Amino acid sequence: MSKEKEFFAHIDKGYATKGDYISMGAAMLNGVAINKAFVKIPLKTLNRHGLIAGATGTGKTKTLQVLAENLSEKGIPVLLMDLKGDLSGLAQPSPGHAKIDERHEQIGLPFEAKNFPIEILSLSEQDGVKLRATVSEFGPTLLSRILDLTETQEGIVAVVFKYCDDNKLPLLDLKDFKKVLQYATGAGKAEFTKDYGRISTASTGTILRKIIELEQQGADLFFGEKSFEVDDLTRLDDNGRGYINILRLTDIQDRPKLFSTFMLSLLAEIYDSFPEQGDSDKPELVLFIDEAHLIFKEASKALLDQIESIVKLIRSKGIGLYFVTQNPTDVPNEVLAQLGLKVQHALRAFTARDRKAIKLTAENYPESEYYNTKEVLTSLGIGEALISALDEKGRPTPLAATLLRAPMSRMDVLTEKELKMVIKKSQLIPKYNDVIDRESAYEILNEKIEKAEATAAKEKTKTSKRSTTRTSTRQNPVIKVLTSATFIRGVLGVLKKVMR
């Protein structure tokens, strides 16, 4: 048997699947694609999470696009974090190109141009369906971890939430939370001390400063009503294709705190809301987190623990998480260990640090008699990647340097006119884009303080009047002496003597 036939049999056996799958492309030997040596990812294992990594310009975004398209085609909804603004083209079919035809001929897979159902979402003032959550929904633990609070400060946050629960004070946005903190060490200090113990002014001051820092990154737009319902991410179109929800994040690239706040809130909400899936044939929802290093950048130990915990647990709800980043070392080892699918585009070795990263990356892949992984990592072309996945029984598939299929949709952004048309047709915008500012903790406490101040002012006025009355009715000692009978008789006696 020739080396090529032996390799084909190796890939064909290693990627065999009984259930439905996504074909990523054809495996390559010595840099050449072997026709119909398909690298297939079983739908059944797509909730085992994954990684798409590689240097800038190697094709990560196009790989993400290919996966999103094929998931949608299989009736699996998708959420994409679009930090660079180059994924909206999914709404339009590919115009086609001779190079695309040539690539697919090498792979042995026919090419068909298609568009896909998309929904544009927004965390900021950009157009799209507004994503919001209330402070109450966040809860004291997650809010404390986002703010990177100490154990003592976390206790204060828990007390604030308890006070609001006990007194029916809705915590909707950050101004509500700040107002309760100020009230706890100001006008309501006696009330808090009596029922919940003394709260340190220094600690509340620190918490307030951290909330202001979060607000400066735009979190005031995220906290509030109406809260986004995660079930709306799982919609199908009339043809049974999953919606591709594109979250536009182009204007918050420099605000990692807001990005990580949203991500943790969303994952926690999905975990709480979705039922246990067990061993299902395909995931309920797949999330792609582009520029994933922004989540882990400057994250505290508590925050990393929270992320790791969610990554471990959320797959039982039928949710797949896929991190997209330049280097696998951007993702903490504890998270990396949970990822079943790895799509590794080329890495560049310009420095000693780069060479060290390549060596570490190579060690994360299964050994192969057909590849020198370290060398392949630096020689892959655009639209080529090393792939390692899990088969239907959860076993690692053979390592495959893969010529990836091309996206079926446009590999470019929508025009302004096309984008407006997509947003105009949205069924979710009427549901979420009206701002609701109902009475909550901020307004209720302000009213309470105003009433207390008005009552205090009235009491002060009454006390002042009583004091004035008492003073006016109390006789001056000098006048009392001058008007006494003894004094008057003495004066009359003196006058008589003078007149004599």
Side-chain angles (χ1 to χ4, degrees), residues 123 132-225 227 252 255-269 295-307 309-310 437 439-449 452:
L123 270 181
R132 297 187 187 91
T134 66
V135 173
S136 289
E137 288 167 337
F138 235 64
T141 303
L142 192 54
L143 185 63
S144 296
R145 291 189 177 183
I146 285 294
L147 296 173
D148 192 18
L149 303 181
T150 64
E151 194 174 325
T152 301
Q153 292 160 356
E154 192 171 339
I156 291 172
V157 172
V159 167
V160 167
F161 272 77
K162 179 71 168 65
Y163 172 78
C164 291
D165 285 343
D166 293 346
N167 291 274
K168 295 181 174 53
L169 296 175
L171 280 175
L172 304 181
D173 50 29
L174 290 177
K175 77 174 188 292
D176 288 331
F177 189 72
K178 288 195 297 181
K179 189 67 186 179
V180 183
L181 273 178
Q182 290 162 345
Y183 182 75
T185 52
K189 186 176 180 179
E191 181 186 349
F192 261 82
T193 303
K194 179 186 173 185
D195 296 332
Y196 303 96
R198 185 177 172 276
I199 290 177
S200 162
T201 307
S203 293
T204 55
T206 302
I207 297 168
L208 280 168
R209 285 193 295 274
K210 293 197 175 189
I211 291 170
I212 290 166
E213 180 191 337
L214 197 60
E215 283 180 319
Q216 286 173 340
Q217 293 210 12
D220 53 329
L221 293 170
F222 170 61
F223 285 103
E225 290 186 309
S227 298
I252 66 166
R255 291 179 275 174
K257 199 84 172 177
L258 177 57
F259 183 49
S260 58
T261 299
F262 162 72
M263 274 310 307
L264 272 179
S265 166
L266 179 71
L267 294 175
E269 183 68 17
I295 290 185
F296 306 111
K297 186 181 180 182
E298 299 174 10
S300 65
K301 178 69 168 63
L303 198 56
L304 288 175
D305 288 345
Q306 185 81 9
I307 295 169
S309 177
I310 288 174
D437 190 14
E439 188 178 64
S440 54
Y442 180 82
E443 290 81 11
I444 294 169
L445 286 179
N446 269 341
E447 189 179 340
K448 188 174 181 178
I449 291 166

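What you see is a predicted model, and the numbers here were worked out from it, not measured in a lab.
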Interatomic distance, [X] atom [atom1] to [Y] atom [atom2] [nearest 0.5 angstrom]:
X	Y	atom1	atom2	value
Thr206	Leu149	OG1	CG	9.0 Å
Cys164	Ile444	SG	CD1	9.0 Å
Leu181	Ile199	CG	CD1	8.0 Å
Ser309	Leu267	OG	CG	11.0 Å

Q | side chain to side chain contact (heavy atoms under 4.5 Å, CB included) against Glu191, all qualifying residues, sequence neighbours excluded | A |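 Residues passing side chain to side chain contact (heavy atoms under 4.5 Å, CB included) with Glu191: Tyr163, Asn167, Tyr183, Asp195, Lys448.
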Q. Side chain to side chain contact (heavy atoms under 4.5 Å, CB included) with Glu225: which residues, sequence neighbours excluded?
A.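 Glu225: side chain to side chain contact (heavy atoms under 4.5 Å, CB included) contacts with Thr134, Leu172, Ile436, Arg438.
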Listed once per pair and sorted, the salt bridge (charged side-chain N to carboxylate O under 4.0 Å, His left out) pairs that draw on [range], sequence neighbours left out:
range	result
residues 157-167	Lys162-Asp166
residues 201-217	Lys178-Glu215
residues 179-188	none

Q: Can you see which heavy atom on Leu142 is nearest to which on Ser265, and at what distance?
A: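 Result for this residue pair: CD2-CA, 4.0 Å.
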Q) Given side chains that start at C-beta, do those of Phe192 and Thr185 come closer than 4.5 Å, heavy atoms only? A)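 The answer is no, as the side chains (C-beta and beyond) never meet within the 4.5 Å cut-off.
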Q. Is the shortest heavy-atom distance from the side chain of Asp176 to the side chain of Ser136 under 4.5 Å?
A.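 Answer no - side chains too far apart.
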Q | Test salt bridge (Lys or Arg N to Asp or Glu O under 4.0 Å) applied to Glu447 - qualifying residues, sequence neighbours left out | A |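 Glu447: salt bridge (Lys or Arg N to Asp or Glu O under 4.0 Å) contacts with Lys451.
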(Q) Going by the rule salt bridge (Lys or Arg N to Asp or Glu O under 4.0 Å), which residues pair with Asp173 if we only count those two or more places apart in sequence or in a different chain? (A)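 Applying salt bridge (Lys or Arg N to Asp or Glu O under 4.0 Å) to Asp173 gives Lys175.
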Q | Audit row: Leu147, Ile211, side chain to side chain contact (heavy atoms under 4.5 Å, CB included) steps and yes/no | A | CA-CA 7 Å; Leu147 296 173; Ile211 291 170; 4.0 Å; yes
(Q) Could you walk me through whether Phe222 and Leu214 satisfy the side chain to side chain contact (heavy atoms under 4.5 Å, CB included) test, starting with their C-alpha distance in whole Å, then the side-chain angles of each, then the deciding distance to 0.1 Å, before giving a yes or no? (A) CA-CA 11 Å; Phe222 170 61; Leu214 197 60; over 6 Å; no
For residues 151-159, run the donor-acceptor check on the side chains, cut-off 3.5 Å, and write out each pair with its distance to 0.1 Å, sequence neighbours left out.
| unit_1 | atom_1 | unit_2 | atom_2 | d |
| --- | --- | --- | --- | --- |
| Gln153 | OE1 | Thr150 | N | 3.0 |
| Gln153 | OE1 | Thr150 | OG1 | 3.4 |

Q: Begin with the C-alpha distance, continue with both residues' side-chain angles, and end with the deciding distance and a verdict on side chain to side chain contact (heavy atoms under 4.5 Å, CB included) for Gln182 and Leu208.
A: CA-CA 9 Å; Gln182 290 162 345; Leu208 280 168; 4.1 Å; yes
Q) How would you list all residue pairs meeting ring-ring contact (aromatic ring centres under 6.0 Å, His included) that involve residues 135-157, not counting sequence neighbours? A)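 The answer is Phe138-Phe223.
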Q: Apply side chain to side chain donor-acceptor pair (under 3.5 Å) to Ser227 and list each qualifying residue two or more places apart in sequence or on a separate chain.
A: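 Partners of Ser227 by the side chain to side chain donor-acceptor pair (under 3.5 Å) criterion, ordered by chain and then number, come out as Glu137.
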